[in-house]
Undergrad: 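The following block contains the structure, expressed as structure tokens.
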There are 2 protein chains.
Amino acid sequence: MSDQHIAVAAEHSFTGQDPHAVEQNDAGNWLIQRMHPADFDLLRPHLRRVPVISGDQLAEAGSAIETVCFPESGVAGFLDVLDDGRKIAVGLLGREGFVGWPLLMGNDRWPHEVMARGRDGTALQIDASRLKKAVAVSPGLGNFLVRYASAFVTQMSRTLVSNLIHSIERRTARWLLLYHDRLDSDELTITHEELSIMLGVRRASVTEALHQLEGNGSIRGHRGKLVIRDRAALVALTCETYGQAEAEYLRLIEPSAAI
Amino acid sequence: MSDQHIAVAAEHSFTGQDPHAVEQNDAGNWLIQRMHPADFDLLRPHLRRVPVISGDQLAEAGSAIETVCFPESGVAGFLDVLDDGRKIAVGLLGREGFVGWPLLMGNDRWPHEVMARGRDGTALQIDASRLKKAVAVSPGLGNFLVRYASAFVTQMSRTLVSNLIHSIERRTARWLLLYHDRLDSDELTITHEELSIMLGVRRASVTEALHQLEGNGSIRGHRGKLVIRDRAALVALTCETYGQAEAEYLRLIEPSAAI
DNA sequence: GTTGGAGCGCACGGTACCGTACAGAAACAA
DNA sequence: TTGTTTCTGTACGGTACCGTGCGCTCCAAC
């Protein structure tokens, strides 16, 4: 967040460059890190590091996509918003992706609400119009970014399956893994209430599920916090709904080859 | 299917053109119809009309995308395949879309199994490599096609929500609407068994749900067939999980404007 | 220290599903 | 006709959820 922002700026001030400039090697976002350097050069003049506070609304369902951001820490929950105001989580995104993939699919409006979660941190932000121009110049960049969208859709698909066939305990295990993957710490800052929204169930059901997970030693719960103690046990509980989407991400993003 | 194929070929034989050539106006697929004529010209030499029989496997999860097809009749169910062989439906596609949208998202492998359903009919098929070349020549075509992918993802998202918050009766109503939209007739050829796969529930639960729908007069059931008698009643049952994705399709596809 | 709120534990009856199973009815083949 | 398969109706006990509500505990604010 702000402190970090200042720290990063200071770190580079001695180079004589714009102190606000973002460099590819110090970017905390995996897509920024792994994109072709020439593509990064297209984006760099327009990238700015901004603070992201847990609870921030990064996008409003139905409104125009004006800025896109590449998280460097924390997570972003994608929520489908119903007419009655209820919100159901359809996916989770962190520093491995970017908030704005619908733009790369030709959509100029947010299909979901996006909420910052997990921890306060930073993101690299760019105006949607700038990104579109860069993609027009470099089709390879567009292809690279839309491959992430493909990976996210796979995650959505697995979430759908998990919701349909698994108990709340298993679904909770899966969601904790999605969180854990995207944060640096084994200690997750999350309440039962928030998990219940993500899973689309009662808060009390989450409490019960977490007790079961505590029972077999895979997690420890404190007030507003959860500590991951046995990841393997969690993975085992998710059966096949965790891992495939993550492998798909690596397959699609790791190689810089275009289709 | 084959009969229709021959009929279409005969219809054009007197023009002196290649009897197998596909014309934009007589294509039954909405995307083919609505794409820019110049883009259609890029595809035309490589398009072929092929029969599609209900039950055909159009794609195998995990295998390479070699051909892409634009259905002219019937529907295609997208299924996530689990390690134990169980299959869960994540979406439905018909003549309004195309089987192969993952390719336009930079993915060279099928993320799902795709099964032809509903009725026998035809599709316009093209080799994936040919389509990629056409998209490389015309970015506008790529943008147009990937916008359909965006609409499909919205449908997936609503399916996820529907599975999470609605009773089997409501989810059945929604699925019947998705079918009905993509077929010409009020009479749907579908068994309880098949619906149960699509909804991820017991076959007996579907039977029960259909009886409820018959009870309020919205459908009539026969052996292997269902007749839609009151669409509005079905729509009402789906609450907000039907309609939004369909509106999104029109918003993204109707105008030929690029972003 | 007191107060207030947020987070959590727990309990109640209710119900919408589940897995399984079996038999009748319709379509089809020989 | 007879058999065979497919589709449908129905039943059973079991359970994993649900909506609701209430009270405890921790923590922060004052």
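So you know, we letter chains A, B, ... as the sequences are listed, proteins then strands, and number each from 1.
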Undergrad: Glu169(B) CD to dA16(C) C1': how many Å, rounded?
TA: 12 Å
Undergrad: Test your reading of the model: is there a side-chain donor-acceptor pair from Arg109(A) to the backbone of Ile65(A), 3.5 Å cut-off?
TA: no
Undergrad: In whole angstrom, what separates Glu193(A)'s CD from dG5(C)'s P?
TA: 17 Å
Undergrad: Between C1' on dC18(C) and CZ on Arg86(B), what's the gap in Å once rounded to a whole number?
TA: 13 Å
Undergrad: For Ser167(A) and Ala204(A), take the nucleotide of DNA chain D holding the closest heavy atom to each; which residue's nucleotide lies nearer the 5' end?
TA: Ser167(A)
Undergrad: Compare the minimum distances between each of dC18(C), dT8(D), dC10(C) and the side chain of His192(B), then state the nucleotide with the smallest one.
TA: dT8(D)
Undergrad: When the ring planes of Phe98(A) and Tyr148(A) are compared, do they come out parallel, tilted or perpendicular, using 30° and 60° as the limits?
TA: tilted
Undergrad: Do NZ/NE/NH1/NH2 and the carboxylate oxygens of Arg49(B) and Glu72(B) come within less than 4.0 Å?
TA: yes
Undergrad: Roughly how many Å is it from CD1 in Ile168(B) to C1' in dA16(D), rounded to a whole number?
TA: 14 Å
Undergrad: Checking contacts here: which listed nucleotide (dC18(C), dT8(D), dG9(D)) is nearest the side-chain heavy atoms of His211(B)?
TA: dG9(D)
Undergrad: On DNA chain D, compare the nucleotides closest to Arg203(A) and Arg171(A); which residue's is nearer the 5' end?
TA: Arg171(A)
Undergrad: Could you tell me how far apart Arg202(A) (CZ) and dC8(C) (P) are, to the nearest whole angstrom?
TA: 15 Å
Undergrad: Record whether the side chain of Arg223(A) comes under 3.5 Å of the base of dC8(C) through a donor-acceptor pair of N or O atoms.
TA: no
Undergrad: Rounded to the nearest angstrom, tell me the gap between atom CD1 in Ile165(A) and atom C1' in dC17(D).
TA: 17 Å
Undergrad: In whole Å, what is the span from the CG atom of Leu164(A) to the P atom of dA16(C)?
TA: 18 Å
Undergrad: Which nucleotide sits closest to the side chain of Thr207(B): dG7(C), dG9(D), dC7(D)?
TA: dG9(D)
Undergrad: May I ask you to evaluate whether Ser205(B) reaches the phosphate of dC18(C), defined as a side-chain N or O under 4.0 Å from OP1 or OP2?
TA: yes
Undergrad: Answer yes or no: is there a donor N or O on one side and an acceptor on the other, between the side chain of Tyr249(B) and the main chain of Gln155(B), under 3.5 Å?
TA: no
Undergrad: Using atom CD of Glu194(A) as one end and atom P of dC8(C) as the other, report the distance to the nearest whole Å.
TA: 10 Å
Undergrad: What are the two closest heavy atoms between Asp181(A) and Arg95(A), and how far apart are they?
TA: O-NH2, 3.9 Å
